Chemist: 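Pasting a structure below so you can have a look.
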Amino acid sequence: MADTGVVETLLQRIEKVDGGADSQEVAASLGVDHQVIVGAVKSLQTLGDVISAELRSSKHWELTEEGTEIAEQGSHEARVFNSIPLEGLPQAELMKLSFGKIGFSKAMSNKWIRVDKSHDGGPRIFRTVESIHDQVREKLLLAKRGDAARLDEKEKNELKKRKLLAEVTVKSYWITKGNSFSTTVTKQETERTRRPFKPYNFEAMGVAPDCGHLHPLMKVRTQFRQIFLEMGFSEMPTNNFIESSFWNFDSLFQPQQHPARDQHDTFFLSDPSLAHHFPMDYLERVKKVHSEGGYGSQGYKYDWKMEEAQKNILRTHTTAVSARMLYKLAQQEKFTPVKYFSIDRVFRNETLDATHLAEFHQIEGVVADYGLTLGDLMGVLHQFFTKLGITKLRFKPAYNPYTEPSMEVFSYHEGLKKWVEVGNSGVFRPEMLLPMGLPEDVSVIAWGLSLERPTMIKYGINNIRELVGHKVNLQMVYDSPICRLDS
Amino acid sequence: DELCFEFGLELDEITSEREIISKEQGDSKASEASDVILYKIDVPANRYDLLCLEGLVRGLQVFKNKLEAPRYRRLSPDSGESQRLIITKETAAVRPHAVAAVLRNITFTQERYDSFIELQEKLHQNICRSRSLVAIGTHDLDTISGPFTYTAKAPGDICFRPLNQTKEYTATQLMSLYKTDSHLRHYLPIIEDKPVYPVIYDSNGIVLSMPPIINGDHSKISLKTKNVFIECTATDLTKAKIVLDMIVTMFSEYCAQPFTVEQAEVVYPDGKTCIYPELAYRKEKLSGEFINKKVGIRESTERIAQLLTRMCLLSQPTGVGDEIEVEIPPTRPDVIHACDIMEDAAIAYGFNNITRTTPRTYTVANQFPLNKLTELLRQDLAAAGFTEALNFALCSQEDIADKLGKKISETRAIHISNPKTAEFQVARTTLLPGLLKTIAANRKMPLPLKLFEISDVVLKDESKDSTFFPGRCAEIFVRGTSVGRLGVLHPDVIGRFELTMPCSALEMDLEPFL
């Protein structure tokens with residue numbers, strides 16, 4: 001906003017004047033920068049018809065920096081002339097002076113000086129005339145005074161060529177009184193209210209505020225985390241994508257010949273290819289239960305190989321972490337019941353399609369306590385799924401190498417009018433728990449589901465590549481609503 | 001659908017032959033096809049007894065109390081002399097084990113024949129791990145004569161007319177012949193590079209089969225076959241026995257004496273003999289209380305015994321307290337622990353009939369500190385105007401090295417073996433490439449693009465230098481700078497250089513000392 005002082009002064013000036021005033025002249029006479037006057041003009045224009053400002057441009061001649069220097073000190077050639085005494089000046093000396101070079105050639109062409117090339121001590125310059133008339137300087141002084149019009153075109157162009165004079169376009173405003181002219185600046189509010197307000201266009205989109213966004217899959221993860229914490233489940237440390245086959249398969253009583261341990265289903269590491277640190281006495285017990293049986297089991301009766309167990313892989317399930325945690329629990333002096341959960345990334349080397357990627361997130365819950373029953377597992381599942389807004393559940397017998405009994409969990413989908421699978425669950429086998437050292441009457445129940453599936457259902461996404469990975473459309477992330485799992 | 005759900009089967013699809021052809025090849029081709037309703041049922045991976053229609057129907061009927069589970073019996077032959085399969089020592093190098101049995105006076109129809117062949121294929125895929133662990137051969141006993149010899153010979157020395165061919169081939173020729181066979185070429189690698197190939201002859205030198213590739217045409221089974229000789233060769237004896245038991249229990253139904261199997265004798269290189277099939281019935285005792293406690297029900301001992309019997313696990317209360325004696329038939333090799341029995345009791349009871357209860361486990365929950373901090377940071381990063389990205393942990397070597405101006409060897413990255421594409425070569429060591437790729441895929445979005453990601457990266461643990469024996473190596477520091485390592489070399493390293501003695505080593509950079 002322009003300084004009201006300037007505005008008012010301007011208005012007063014306009015009032016006094018007949019016709020109008022030029023903004024450049026006003027600026028000059030007030031001793032302010034032209035832009036300040038421009039600002040005042042603009043500001044007055046917003047108030048309505050107070051003034052009328054017509055943009056004008058005019059050209060006039062201005063001295064360049066060099067031109068200003070000459071106007072003050074004289075042209076190069078005149079200065080050369082003036083610096084030569086009666087006895088003359090060695091050329092070399094002259095060239096040392098700042099105006100020497102240019103001035104010399106000009107002075108020579110004006111025939112003001114001459115050079116005696118054969119003089120002793122080198123070429124010497126002498127005056128040829130008694131005095132000179134510094135026309136260039138005079139012309140520049142004229143232009144400086146504003147009388148450039150007195151110079152003819154040829155003279156002006158010559159000076160322009162020597163870069164002493166330049167033609168500049170000056171914009172100015174021709175300011176005249178407007179219809180509502182007054183010397184005081186008021187908001188004229190009464191005027192405004194008489195004019196109707198522009199009606200809102202409810203169809204128009206507003207400007208979206210600048211903000212950050214959380215990824216929908218992670219939003220769903222946060223909700224599941226909340227649910228587990230509300231149910232008293234502690235989070236397991238799952239910050240290890242790499243696992244040994246021993247913890248991922250063998251400790252879970254999954255035999256070494258099982259198809260899931262194939263190259264086709266699991267990512268094996270070429271570097272580092274093998275793991276070396278295992279609790280050896282536990283490992284021996286695992287080896288025995290696989291190859292010979294024990295703990296009331298027939299075992300699988302095959303040759304258990306150490307090299308197979310050592311192979312490093314990208315974990316295929318977070319149950320590997322659950323195994324580590326249960327083993328740790330079994331090493332405690334006295335058993336304490338626990339509830340654990342994890343939600344983290346797992347890797348499968350299977351065929352990829354619209355709903356399957358090599359990487360996805362698994363949700364897992366585990367409860368270990370004395371005397372847990374299959375009925376208890378159903379109860380926990382019911383509590384868990386109720387928090388997701390799912391209350392109608394049905395259980396189907398299934399098979400997992402490491403749980404017995406195993407149950408697939410189904411819920412009734414009102415929209416599709418059919419039962420759909422929402423998770424997998426089971427009771428860990430004694431062949432897995434007893435070699436760890438857990439007491440015999442301790443049961444461990446567990447269940448799991450994928451994170452991607454409920455997210456895709458909740459956010460209406462059909463292809464998993466639109467949800468996970470770098471090819472995701474950020475607009476989807478920008479637009480995704482908050483995650484409310486229970487409604 | 002209900003029945004399948006209760007029993008633990010998945011009813012995948014209800015269709016017909018006509019529908020299938022219609023879908024795959026168009027309506028015109030389908031007009032000749034059968035309209036008979038087909039049910040596609042998915043069976044649990046550990047239930048080999050449900051892999052054929054015979055077994056599936058039998059199981060369901062016993063489950064519904066419509067049938068009593070049959071008793072499978074091994075008989076010695078009427079003539080007195082069992083069929084013999086003699087294993088020679090040469091097989092030890094390639095496929096050491098074999099078992100055999102005979103189905104006497106069997107009657108095949110087209111359907112039974114198809115089912116017989118199909119079961120073999122399913123077993124081959126499933127428990128036999130694509131024939132690598134066990135291979136099944138079935139032969140018309142009347143076209144061959146024992147005793148049979150199971151041996152291994154150089155490929156050039158094996159010559160016979162294989163199934164469905166008109167002329168004879170040597171084994172070497174067969175290897176090339178089947179390279180283009182879409183079905184058989186997957187099995188060639190199992191024996192291809194071995195010096196000798198397995199082969200079974202009868203007493204007249206006729207080739208019964210060259211496991212695991214192909215049977216001989218001479219002894220092939222037809223609808224008219226009355227006596228079947230079954231042989232299973234294997235690298236895993238336990239599985240071979242299970243497979244044999246499975247085939248004979250399923251199809252002995254069609255023998256003149258149903259559910260009987262004629263024994264066969266297998267003679268080992270050391271002279272030891274075994275009679276097959278084992279058809280073992282194993283007994284296990286457990287208490288009714290065990291079942292009740294684990295499942296969460298309260299059934300009487302008698303009732304539990306009845307439930308188990310419905311699952312083909314014939315059971316009786318012994319009379320001693322609540323003890324139950326359970327007989328596990330040869331069709332149930334999946335039952336290896338009392339918990340398997342307990343599950344079957346629960347299935348027979350009906351999972352959805354079990355009262356759900358709430359465990360009284362009291363716990364106070366803790367968050368994993370790393371995740372807790374991450375959650376806090378995510379919120380504030382979004383509040384600061386950044387958008388969260390979720391990128392893959394697996395990527396190409398280029399992504400974490402070349403594109404970032406580094407050499408892959410400098411990155412401490414872990415490498416995946418046999419990646420299918422470049423996108424699965426390594427695990428990310430930094431989150432940067434993922435974010436940059438996300439921006440590249442969203443070029444058209446309005447600027448500014450402000451992204452963040454808080455997640456795991458994978459870095460090799462350099463402190464566990466795999467060159468050295470763990471716990472027996474050290475890094476050398478001079479004035480605070482690492483100049484080298486020393487230690488005892490890892491046995492794997494020593495072995496790779498074809499050395500055998502323990503070895504210690506030191507390696508140091510001299511330049512810092514200049």
Side-chain angles (χ1 to χ4, degrees), chain A residues 210-215 217-218 222 229 232-235 237 239 241-242 257 263 267-272 276-277 296-298 301-302 337-339 345 358-359 367 369 371-376 378-380 382 394-399 404-405 407 429-431 468-471 474-475 477, chain B residues 5 8 44-46 129 133 236 238 293-296 336-340 343 346-347 351-352 354-359 361 363-368 370-371 378 381-394 414-418 427 434 437-438 441-442 445 456 458 460 466 470:
Chain A
D210 221 359
C211 55
H213 309 269
L214 291 171
H215 192 284
L217 189 74
M218 300 304 280
T222 304
L229 291 169
F233 283 70
S234 285
E235 203 170 15
N239 52 334
F241 287 168
I242 312 296
Q257 304 143 326
Q263 284 261 10
F267 285 106
F268 286 90
L269 264 58
S270 60
D271 175 32
H276 297 285
H277 295 284
S297 174
Q298 299 295 305
K301 297 215 171 20
Y302 71 99
V338 293
K339 287 176 165 137
R345 205 178 293 222
E359 308 179 27
V367 183
D369 201 352
L372 291 174
T373 70
L374 200 56
D376 287 329
M378 292 176 179
V380 170
H382 193 81
R394 248 174 106 201
F395 302 95
K396 178 165 159 228
Y399 167 69
E404 188 84 5
M407 305 195 300
R429 291 191 73 107
E431 293 97 330
V468 182
H470 57 270
K471 295 206 173 119
L474 281 179
Q475 195 61 51
V477 180
Chain B
F5 196 90
N46 63 338
R129 293 301 308 281
L133 298 180
D236 183 322
T238 312
K293 258 182 65 178
K294 289 288 178 187
V295 179
I336 55 177
H337 190 284
C339 66
D340 297 296
E343 185 190 43
I347 296 175
F351 275 10
N352 296 293
I354 302 172
T355 322
R356 60 165 194 260
T357 50
T358 312
T361 319
T363 51
V364 168
N366 289 314
Q367 296 185 54
F368 181 47
L370 183 62
N371 289 359
R378 283 178 62 233
L381 269 169
F386 288 79
T387 296
E388 193 171 22
L390 217 200
N391 291 303
F392 296 124
L394 298 179
I414 63 107
H415 294 253
I416 310 290
S417 64
N418 300 339
K437 281 158 93 163
T438 306
N442 282 277
M445 295 296 287
D456 288 345
V458 183
K460 263 206 292 190
S466 52

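Being a predicted model, the structure only gives us computed values, none of them experimental. Per chain, numbering begins at 1; letters A, B, ... match sequence-line order.
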Chemist: Between chain B and each of A:Q298, A:K396, A:M378, A:H215, count heavy-atom pairs under 4.5 Å; write down the option with the most.
Modeler: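 Among the listed options, the one with the most contacts to chain B is A:K396.
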
Chemist: What pairs with A:P272 under side chain to side chain contact (heavy atoms under 4.5 Å, CB included), at least two apart in sequence or on another chain?
Modeler: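 Per chain and number, A:P272 pairs via side chain to side chain contact (heavy atoms under 4.5 Å, CB included) with A:L269, A:N312, B:I414, B:K460.
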
Chemist: Is there a side-chain contact between A:F233 and A:V338 (heavy atoms, below 4.5 Å)?
Modeler: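 They are not in contact (no side-chain heavy atoms under 4.5 Å apart), so the answer is no.
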
Chemist: Picking from B:T357, B:N371, B:L394, which has the most non-hydrogen pairs under 4.5 angstrom with chain A?
Modeler: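 Of the candidates given, the most pairs with chain A belong to B:T357.
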
Chemist: Between B:A346, B:A393, B:A427, which shows the greatest number of heavy-atom pairs under 4.5 Å with chain A?
Modeler: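 Of B:A346, B:A393, B:A427, B:A393 has the most heavy-atom pairs under 4.5 Å with chain A.
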
Chemist: Look at A:K471, A:E431, A:Q257, A:H276 and state which one has the largest set of heavy-atom pairs under 4.5 Å with chain B.
Modeler: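 Looking at each option in turn, the highest pair count goes to A:Q257.
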
Chemist: Chain A heavy atoms under 4.5 Å from B:T355: which part of the residue, side chain, backbone, both or neither?
Modeler: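 It is the backbone, since no side chain atom gets that close.
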
Chemist: Checking heavy atoms, do the side chain of B:N418, its backbone, both or neither come under 4.5 Å from chain A?
Modeler: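 Only the side chain of B:N418 comes within 4.5 Å of chain A.
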
Chemist: Does any backbone or side-chain atom of A:L217 lie under 4.5 Å from a heavy atom of chain B? Answer side chain, backbone, both or neither.
Modeler: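 The side chain, not the backbone.
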
Chemist: Who among B:V458, B:N352, B:N391 has the most heavy-atom pairs with chain A under 4.5 Å?
Modeler: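 The candidate making the most pairs under 4.5 Å is B:N352.
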
Chemist: Sub-3.5 Å donor-acceptor pair from the side chain of B:T361 to the main-chain atoms of A:P337, do we have one?
Modeler: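 No, B:T361 side chain to A:P337 backbone: no donor-acceptor pair under 3.5 Å.
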
Chemist: Taking the side chain from A:E235 and the backbone from B:F368, do they hold a donor-acceptor pair closer than 3.5 Å?
Modeler: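 Between the backbone of B:F368 and the side chain of A:E235 there is a qualifying donor-acceptor contact (under 3.5 Å).
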
Chemist: Donor-acceptor pair, A:T373 side chain versus A:G375 backbone, under 3.5 Å?
Modeler: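 Checked: pair present.
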
Chemist: Please identify, among B:A384, B:G385, B:P44, B:G296, the residue contributing the most non-hydrogen atom pairs under 4.5 Å to chain A.
Modeler: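 Top option by heavy-atom pairs under 4.5 Å: B:G385.
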
Chemist: Pick from A:Q475, A:M407, A:H382: which one has the most heavy-atom pairs with chain B under 4.5 Å?
Modeler: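 Max contact count across the listed options: A:H382.
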
Chemist: Counting only non-hydrogen atoms closer than 4.5 Å, does A:F268 touch chain B with its backbone (N, CA, C, O), its side chain (CB onward), both, or neither?
Modeler: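 Answer is both: backbone and side chain atoms of A:F268 are under 4.5 Å from chain B.
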
Chemist: Is it the backbone or the side chain of B:V364 that comes under 4.5 Å from a heavy atom of chain A, or both, or neither?
Modeler: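 The answer is the backbone of B:V364.
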
Chemist: Of the listed residues (A:T222, A:L372, A:I242, A:V380), which shares the most heavy-atom pairs with chain B below a 4.5 Å separation?
Modeler: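 Counting heavy-atom pairs under 4.5 Å, the top option is A:T222.
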
Chemist: Using a strict 4.0 Å threshold on nitrogen-to-oxygen distance, state whether B:R129 and B:D236 make a salt bridge.
Modeler: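 No, no charged N to carboxylate O under 4.0 Å.
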
Chemist: Could you have a look at A:P397, A:G379, A:P430, A:G212 and say which one has the most heavy-atom pairs with chain B under 4.5 angstrom?
Modeler: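 Sorted descending by pairs with chain B, the first entry is A:P397.
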
Chemist: Using non-hydrogen atoms and a 4.5 Å limit, figure out which bit of B:D340 sits close to chain A: side chain, backbone, both or neither.
Modeler: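 Both backbone and side chain.
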
Chemist: Does the side chain of B:R378 come within less than 4.5 Å of A:M218's, by heavy atoms?
Modeler: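 Yes, side chains in contact.
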
Chemist: Is any side-chain heavy atom of A:P237 closer than 4.5 Å to one of B:L370?
Modeler: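 Side chain of B:L370 against side chain of A:P237, heavy atoms only: no contact under 4.5 Å found.
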
Chemist: Could you look at A:V477 and say if it's the side chain, the backbone, both or neither that has a heavy atom under 4.5 Å from chain B?
Modeler: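 It is the side chain, since no backbone atom gets that close.
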
Chemist: So with a 6.0 Å cut-off around CZ of A:R345, is the heavy-atom count from everything else above 12?
Modeler: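 Yes - once you tally the heavy atoms of other residues, nucleotides and ligands closer than 6.0 Å, there are more than 12.
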
Chemist: For A:D376 and B:T358, does a side-chain donor sit closer than 3.5 Å to a side-chain acceptor?
Modeler: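 On atom types as modelled, these side chains do not qualify, holding no pair under 3.5 Å.
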
Chemist: Between A:N239 and chain B, with a heavy-atom cut-off of 4.5 Å, which part of the residue counts as in contact: side chain, backbone, both or neither?
Modeler: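 A:N239 touches chain B through backbone and side-chain heavy atoms alike.
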
Chemist: If you compare all heavy atoms of A:F395 against all heavy atoms of B:F351, which two are closest, and at what distance to 0.1 Å?
Modeler: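 So the two residues come closest at O-CB, 3.9 Å.
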
Chemist: Between A:S270, A:A398, A:C211, which has the largest tally of heavy atom pairs under 4.5 Å with chain B?
Modeler: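 Max contact count across the listed options: A:S270.
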
Chemist: At a 4.5 Å cut-off on heavy atoms, which part of B:A383 comes close to chain A: side chain, backbone, both, or neither?
Modeler: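 No part of B:A383 comes within 4.5 Å of chain A.
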
Chemist: Out of B:T238, B:V295, B:I354, which one racks up the most heavy-atom pairs below 4.5 Å with chain A?
Modeler: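 The candidate making the most pairs under 4.5 Å is B:V295.
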
Chemist: Relative to chain B, which segment of A:L474 carries a heavy atom at a distance below 4.5 Å: side chain, backbone, both, or neither?
Modeler: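 Both backbone and side chain.
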
Chemist: Is there a donor-acceptor pair under 3.5 Å between the side chain of B:K294 and the backbone N or O of A:L374?
Modeler: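 It does not hold such a pair.
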
Chemist: For B:F386, is it the side chain, the backbone, both or neither that has a heavy atom under 4.5 Å from a heavy atom of chain A?
Modeler: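 Just the backbone, heavy atoms under 4.5 Å.
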
Chemist: Give the member of B:I416, B:T438, B:T387 that has the highest number of heavy-atom pairs under 4.5 Å with chain A.
Modeler: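 Most pairs with chain A among the choices: B:T387.
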
Chemist: Above 12 or not: heavy atoms from other molecules or residues under 6.0 Å from NZ of B:K293?
Modeler: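 No, the 6.0 Å shell around NZ holds no more than 12 heavy atoms from other groups.
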
Chemist: Check the pair A:S297, A:R429 against side chain to side chain donor-acceptor pair (under 3.5 Å), reporting the backbone distance first and the verdict last.
Modeler: CA-CA 10 Å; A:S297 174; A:R429 291 191 73 107; 5.3 Å; no

